[in-house]
Amino acid sequence: QVQLVESGGGSVQAGGSLRLSCVVSGYTYGRNCVAWFRQAPGKEREGVASIYTGNGATYYADSIEGRFTISQDTAKNTVFLQMDSLKVEDTAMYYCAAGDFSCGGWYYAPQRFKYWGQGTQVAVSS
């Protein structure tokens, strides 16, 4: 059974940092795209960043503006999202997702992510 379990969310003031983790189990790690998406209340879900677990190639949404870093620990089948210089508009539920492709076009194809976690809440206050 495939499971994606997110952790690391919380409340932080603007300008602060958080590190999200996504543990992937029951899945062939190393041949898939793992991404972070987020959804704020009243807004559509949007992609944040992705990583191809086969070679560690990373991809980011333009809106992130270099503030976030996605990485992985292949020994622990875990993907991280380091979020720095957080803004109030980063407030959202953050989801981890995994799919059997090399991340090409990931931002525009959330339907290609077959597995999703339950999400972890991030709240940024001014």
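Hydrogens, waters and symmetry mates play no part in the numbers below; they use all other heavy atoms, side chains included.
Linking Ile, Leu, Val, Met, Phe, Trp and Tyr whenever their side-chain heavy atoms come within less than 4.5 Å leaves Val23 and Tyr29 in two separate clusters. Taken together through direct or relayed side-chain contacts under 4.5 Å among Ile, Leu, Val, Met, Phe, Trp and Tyr, Val122 and Val88 form parts of separate hydrophobic clusters. Trp106 and Tyr52 are not part of a single hydrophobic cluster, where members link through side-chain heavy atoms under 4.5 Å apart.
In this structure, Arg112 is positioned above the aromatic face of Phe101, its NZ or CZ under 6.0 Å from the six-membered ring centre and within 45° of the axis.
Residues satisfying the salt bridge (charged side-chain N to carboxylate O under 4.0 Å, His left out) criterion with Arg67, sequence neighbours excluded, are Asp90. With sequence neighbours excluded, the residues satisfying ring pair (Phe, Tyr, Trp, His ring centres under 6.0 Å) with Tyr27 are Tyr115.
Residue pairs meeting the side-chain hydrogen bond (donor to acceptor under 3.5 Å, both in side chains) criterion with at least one member in residues 12-24, sequence neighbours excluded, are Ser17-Asp84.
You'll find the ring centres of Trp116 and Phe37 inside the 6.0 Å limit.
Counting heavy atoms from C-beta on, the side chains of Ser63 and Arg38 come closer than 4.5 Å.
With respect to Glu65 and Lys87, a salt bridge is recorded, a charged nitrogen being found less than 4.0 Å from a carboxylate O.
The environment of CD in Gln118 is sparse: at most 12 heavy-atom neighbours from other residues, nucleotides or ligands sit within 6.0 Å.
For the side chain to side chain contact (heavy atoms under 4.5 Å, CB included) test with Ile51, the passing option among Ile70, Leu81, Asn32 is Ile70; the others fail.
With values rounded to the nearest 0.5 angstrom, Lys114 atom NZ is found 12.5 Å from Leu4 atom CG.
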